[in-house]
Every structure is written in C-alpha cells, then in structure tokens.
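Numbers here are sequence positions counted from 1.
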Amino acid sequence: MAPAHAERFEKPRKRQLFSDIQLGLIAGLNAGFGQVTGGQSGNTQTGFTRNSFAISLTAEKRLTRTFYLCPELGYVQRGVSTSLYEEGIDAVGDIRLNYLEVGLPIKAKFSLGSPRWRAFFLMGPTISVATTREVQVWGLLSLDMSNRFTDVDASITLGTGLEYSVSSNFGWVWHLRSHIGLVDIDKSDARFYTRDIQMLLGAQFRF
C-alpha cells in the first residue's frame with residue numbers, strides 16, 4: 001500500500017529560448033531624408049540622403065505568444081544632404097537634425113521552423129526631441145537652424161527583422177525599418193517631414 005503522503009516529483013521545466021523580459025542594444029546606419037513641400041518652388045521634393053548613425057537601448061515585455069511590447073530609448077542622426085544657394089554661391093551642405101527619442105512599438109514574432117530563429121514585424125509611435133538643428137556647409141561651417149525647425153517631432157516606425165537565440169540568456173537581432181514623420185517641423189512657408197531608413201544590428205540579454 002502506498003504511503004498516505006507520497007512525495008510527488010515533477011520534471012524540471014526547460015528554460016525558454018526567448019524570455020518574457022529582455023534588454024538589448026541595437027546600432028547601425030540611418031539613411032535620413034525629408035519630404036519637402038512648398039517654399040519658393042511650391043513643389044514636393046525629396047532631399048538626398050544624409051547617411052549617418054542610430055543607436056537604441058531596447059526592452060521587451062511578452063504580452064502573448066506572438067505579441068511583445070518593446071519600448072526604446074534612442075539617439076538618431078537625421079536630415080538631408082542638399083545644395084544651398086546664397087548670394088550667387090552654390091554650396092553643398094547637410095541639414096543636420098539629431099534627436100533623442102522614445103519609441104513604443106509592438107512586435108509580432110513568428111517561428112521560422114527552428115526554436116532559435118524568429119522573424120518579426122514591428123510598428124509603433126515615436127516622440128523625438130532635437131539635440132541638433134543646424135546646417136553644415138562644405139563640412140566646415142555650421143549655422144544654427146533652431147529658429148527654422150521645431151524641437152519636437154512625432155512619427156510612426158515600421159519595420160521587420162530576424163532574431164537568433166544563442167542561448168536562453170543571449171541572442172542576436174537584425175532590424176530593417178523606416179521612420180515616417182507626422183509633424184511639419186519647418187517653421188517657414190515650406191513644409192518638412194522627416195523620413196529615414198535604418199539597418200541595425202544588436203544583441204539581446206536576459207538577466
């Protein structure tokens with residue numbers, strides 16, 4: 001006869017490759033440009049890309065088996081490279097718009113047939129505060145443009161990417177995403193909406 005208080009033994013649960021909460025760091029290339037409307041020409045134009053840098057600290061909270069809340073704190077260099085015409089002189093210059101920003105995207109993850117590989121799509125709002133608003137002419141002379149451009153921008157971020165889990169505590173991540181500015185940041189008679197395309201690589205950690 002079995003004892004009245006038989007001990008029960010349970011198999012230990014395996015640790016998940018993708019944790020419920022993760023922290024990460026992603027960085028890489030930001031190709032910034034702008035949708036410009038109005039001004040002297042009255043036409044809609046797209047400035048040449050300013051190829052620069054973006055970096056973000058990320059967190060990830062699991063909501064369901066598929067969806068994750070992914071707040072971010074980042075620094076990104078936006079703007080355009082363009083020709084500047086002043087008093088008969090045509091000069092090459094960069095409109096430099098650098099931001100600190102907070103994003104709150106939702107990420108949807110999908111298995112690729114292996115517990116280590118996942119694809120994802122993300123979308124969410126971002127609020128950006130300008131740290132630099134200037135024009136740099138010929139890479140030498142910088143002119144402040146804080147009277148021309150607003151200090152706050154709001155946007156939607158759309159993207160996709162891949163995750164690879166090395167272990168239960170560490171993994172690699174790759175992002176390809178686009179920022180679509182929703183605010184006219186130009187205080188003049190023209191309209192300027194920020195745009196960019198980012199290619200970012202990084203790592204995710206579980207503590």
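Closest approach of Leu158 to Met123, counting heavy atoms only: CD2-CG, 3.2 Å. Of all non-hydrogen atoms in Pro125 and Ile156, the two that sit nearest each other are CA-CD1, 4.2 Å. Considering every non-hydrogen atom in both Gly74 and Ser56, the closest pair reads CA-OG, 3.6 Å. Residue Ile21 comes nearest to Lys61 through the heavy atom pair CG1-CD, 3.9 Å, listed as atom of the first residue, atom of the second, then distance. Residues Tyr193 and Gly181 approach most closely at CD2-O, 3.8 Å, considering heavy atoms.
Linking Ile, Leu, Val, Met, Phe, Trp and Tyr residues whenever their side-chain heavy atoms come within less than 4.5 Å places Leu104 and Leu63 in a single cluster. Under the 4.5 Å side-chain heavy-atom criterion for Ile, Leu, Val, Met, Phe, Trp and Tyr, Val129 and Ile180 are members of distinct hydrophobic clusters. Cluster annotation: Phe67 and Leu122 are assigned to distinct hydrophobic clusters (Ile/Leu/Val/Met/Phe/Trp/Tyr, side-chain heavy-atom contacts under 4.5 Å, transitive). Taking hydrophobic clusters as Ile, Leu, Val, Met, Phe, Trp and Tyr residues chained together by side-chain heavy-atom distances below 4.5 Å, Leu201 does not share a cluster with Leu57. Clustering ILVMFWY residues whenever any of their side-chain heavy atoms sit less than 4.5 angstrom apart, transitively, puts Val183 in the very cluster that holds Tyr99.
Annotation: side chain of Phe33 is in contact with side chain of Ile197 (closest heavy-atom distance under 4.5 Å). Under the 4.5 Å side-chain criterion, counting only non-hydrogen atoms from C-beta, Trp174 is in contact with Met199. Two residues are said to be in side-chain contact when any heavy atoms from C-beta on lie closer than 4.5 Å; Phe149 and Ile95 meet this criterion. By the 4.5 Å heavy-atom criterion applied to side chains, Phe120 and Val173 are counted as neighbours.
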_Stepwise side chain to side chain donor-acceptor pair (under 3.5 Å) test for Asp94 and Ser81_ = CA-CA 4 Å; Asp94 286 340; Ser81 294; 2.6 Å; yes

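Note on Glu60 versus Arg206: no salt bridge recorded, every NZ/NE/NH1/NH2 to OD/OE distance being 4.0 Å or above. Ion pair Asp186/Arg148 flagged as a salt bridge, since at least one NZ, NE, NH1 or NH2 atom sits closer than 4.0 Å to an Asp/Glu carboxylate oxygen. In this structure, Asp196 pairs ionically with Arg78, as a charged nitrogen and a carboxylate oxygen lie closer than 4.0 Å.
Listed for the Gln77 side chain is a donor-acceptor partner under 3.5 Å among the backbone atoms of Phe53. A side-chain donor-acceptor contact under 3.5 Å links Arg116 to the backbone of Val166. With hydrogens and angles ignored, the 3.5 Å screen pairs no side-chain donor or acceptor of Thr49 with any backbone N or O of Asn51.
Between Phe110 and Phe121, the two ring planes are perpendicular [angle over 60°; tilted spans 30° to 60°]. Between Trp117 and Tyr164, the two ring planes are tilted [angle within 30° to 60°].
Taking the side chain to side chain contact (heavy atoms under 4.5 Å, CB included) definition, one finds that Leu73 meets it with Val102, sequence neighbours left out. Every side chain to side chain contact (heavy atoms under 4.5 Å, CB included) that Leu23 has, sequence neighbours left out, goes to Ala59, Phe207. With sequence neighbours excluded, the residues satisfying side chain to side chain contact (heavy atoms under 4.5 Å, CB included) with Thr126 are Glu101, Ser128, Ser155, Thr157.
Atom CG of residue Leu97 and atom OG1 of residue Thr131 lie 9.5 Å apart, to the nearest 0.5 angstrom. Here the CD1 atom belonging to Ile185 is positioned 10.0 Å from the CE atom belonging to Met145, to the nearest 0.5 angstrom. In this structure, CZ in Arg133 is found 14.5 Å from CG in Leu143, a value given to the nearest 0.5 Å. Atom OG1 of residue Thr66 and atom CZ of residue Arg118 lie 8.5 Å apart, to the nearest 0.5 angstrom.
Cation-pi check for Lys107 over Tyr68 is not met; the charged atom does not lie both under 6.0 angstrom from the ring centroid and within 45 degrees of its normal.
With Ile55 as the partner, the side-chain contact (heavy atoms from CB on, under 4.5 Å) test is satisfied by one option alone out of Val76, Ile26, Leu25, Leu200: Leu25.
At a cut-off of 3.5 Å, with distance as the only test, a side-chain donor of Gln198 or Asn30 sits close to an acceptor on the other residue. Using modelled atom types, one finds a donor on one side chain and an acceptor on the other under 3.5 Å when comparing Asp153 with Thr194.
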